[in-house]
Amino acid sequence: MKQWLQATGRSAYERLLSREVSGAPTHVAVIQDGNRRYARHHGEDASDGHRAGAKTTERVLEWCQDVGVEELTLYAFSTENFDRPPEEREALFDLLCEKLREFADSDRVHDNGVCIRVLGDVDLLPERVREAIEYAESRTRGYDRFVLNVALAYGGRNELLCAARSVARDVDRGELSPEDVDVETLESRLYDRPVRDVDLIIRTGGDERTSNFLPWHANGNEAAVFFCTPYWPEFSKADFLRGIRTYEHRAQSWRRTRARRALALLRAVSEPELAEARSVLRRFRDSLPTRERPDGDELEGGESSRPAD
Ligand code: FPP
Ligand code: MG
């Protein structure tokens with residue numbers, strides 16, 4: 001009876017949270033932490049914790065599709081994880097192989113057009129993992145309704161470092177000029193996978209760090225971050241919906257802040273004041289050090305020289 005009441009209460013709470021969710025993030029990235037602690041708490045081995053965590057992973061994939069998320073990136077094996085004891089590492093590799101193949105064969109993945117991709121320094125992984133990656137990627141390559149990225153042998157700094165080296169090589173060969181290096185140039189060299197900007201990072205297990213995860217796509221995009229205490233195997237749909245709500249509040253307050261700033265600017269800088277400021281600048285421009293002098297455009301005024309918000 002107590003369990004029934006708890007379950008009924010939980011599902012009512014989930015329904016309530018679901019109703020509050022209106023504009024889901026497009027891309028959610030998850031740091032699935034706390035699996036070994038969960039296992040220890042239940043008197044089990046680390047690998048049991050990872051296996052229990054993989055069940056949550058499957059559920060989260062479904063929840064994402066339910067609320068309209070279009071891309072999910074899972075931190076499943078970091079470059080730092082290579083330092084774990086060999087038996088734990090090998091068991092994790094076995095689990096990853098099994099899950100990648102299971103995903104690639106699942107009806108849900110095919111019915112929902114899920115494209116599976118792996119991000120990371122794949123060459124560092126054992127052959128059996130590379131084969132499972134190839135299997136999952138090749139079976140789902142044609143889909144584009146949902147993207148599931150699995151970060152394996154992934155490290156954010158390493159990703160940026162590889163991209164920077166690749167740019168430097170092309171500049172060195174004379175194939176690229178330094179002035180032409182822009183956001184797209186670098187982005188196209190990040191593990192060769194076009195990943196959308198991340199809107200929301202979720203981390204379970206209580207640690208409040210983003211651990212070298214997607215610095216370009218998440219930090220660079222000022223992604224919202226939702227830290228929560230449940231271990232990954234315990235992460236529930238209500239926790240997930242709370243994460244989505246965090247994103248929505250963030251997005252809403254971000255839009256409000258930008259609008260307020262623009263309004264304050266409009267009110268503070270009326271056209272006569274701008275004209276006066278420009279005339280003062282024109283008169284005293286030469287008294288400024290060269291590096292601080294405004295250019296002709298800025299002094300002439302017009303739309304393009306208006307300050308951005
Ligand atoms: C961190 O918890 C998690 C990992 C190192 C691996 C997570 C991988 C899975 C759950 C398998 C998912 C499968 C696919 C295909 C994506 P931890 O080991 O650091 O635990 P702790 O924080 O309690 O020490
Ligand atoms: Mg951990």
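In listed order, ligands and their atoms are each counted from 1.
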Looking only at side-chain N and O atoms, does [Y] offer a donor or acceptor that is under 3.5 Å from a partner on [X]?
X	Y	answer
Arg145	Gln65	no
Arg203	Ser211	yes
Tyr154	Glu159	yes

- request: Run the numbers for me: atoms of ligand 1, each under 4.0 Å from some heavy atom of Asn81, listed by number.
  value: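 Listed by number with element: 5 (C).
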- prompt: Side chain of Asp170, backbone of Leu176: donor and acceptor closer than 3.5 Å?
  reply: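 No: the side chain of Asp170 does not pair with the backbone of Leu176.
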query: Does any N or O in the side chain of Gln32 come within less than 3.5 Å of the main-chain N or O of Tyr75, such that one atom is a donor and the other an acceptor?
result: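 Answer holds: yes.
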Among all protein non-hydrogen atoms, which one is nearest to [atom], and what is the separation to 0.1 Å?
atom	result
atom 9 (C) of ligand 1	Gln32 NE2, 3.9 Å
atom 14 (C) of ligand 1	Leu96 CD2, 3.9 Å
atom 15 (C) of ligand 1	Lys99 CB, 3.5 Å
atom 24 (O) of ligand 1	Arg36 NE, 2.7 Å
atom 23 (O) of ligand 1	Arg37 N, 2.8 Å
atom 22 (O) of ligand 1	Asp33 OD1, 2.7 Å
atom 12 (C) of ligand 1	Thr57 OG1, 3.7 Å
atom 6 (C) of ligand 1	Ala76 O, 3.3 Å

Validation row: [X], [Y] side chains within 4.5 angstrom (heavy atoms):
X	Y	result
Glu80	Asn212	yes
Leu96	Phe77	yes
Val28	Tyr247	no

message: Can you tell whether the side chains of Asp172 and Arg169 come within less than 4.0 Å, N to carboxylate O?
response: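 Here Asp172 does not pair with Arg169 in a salt bridge, since their nearest N and O are not under 4.0 Å apart.
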message: Is the terminal nitrogen or CZ of Arg101 (NZ for Lys, CZ for Arg) located under 6.0 angstrom from the six-membered ring centre of Tyr135 and within 45° of that ring's axis?
response: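 Judged by the rule, Arg101 and Tyr135 form a cation-pi pair.
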Location of contacts on [X] toward ligand 1, heavy atoms closer than 4.0 Å:
X	result
Asn35	both
Arg89	neither
His50	both

- prompt: Any N or O on Glu88 sitting closer than 3.5 Å to an N or O of ligand 1?
  reply: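 Checking ligand 1 against Glu88, no N or O pair falls under 3.5 Å apart.
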field: Geometric N/O contact Trp232 with ligand 1, under 3.5 angstrom
entry: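 No, since none of the N or O atoms of Trp232 sits under 3.5 Å from an N or O of ligand 1.
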field: Min heavy-atom dist Arg84 to ligand 1 below 4.0 Å
entry: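 Yes, Arg84 has a heavy atom closer than 4.0 Å to ligand 1.
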field: Min heavy-atom dist Gly34 to ligand 1 below 4.0 Å
entry: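 A heavy atom of Gly34 does come that close to ligand 1.
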field: Shortest-distance N/O/S atom, Asp33 versus the Mg ion (ligand 2)
entry: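 Going through the N, O and S atoms of Asp33 one by one, OD1 ends up nearest to the Mg ion (ligand 2).
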field: Over 12 non-hydrogen atoms of neighbours within 6.0 angstrom of NE2 in His110
entry: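 More than 12 heavy atoms, drawn from other residues, nucleotides or ligands, come within 6.0 Å of this atom.
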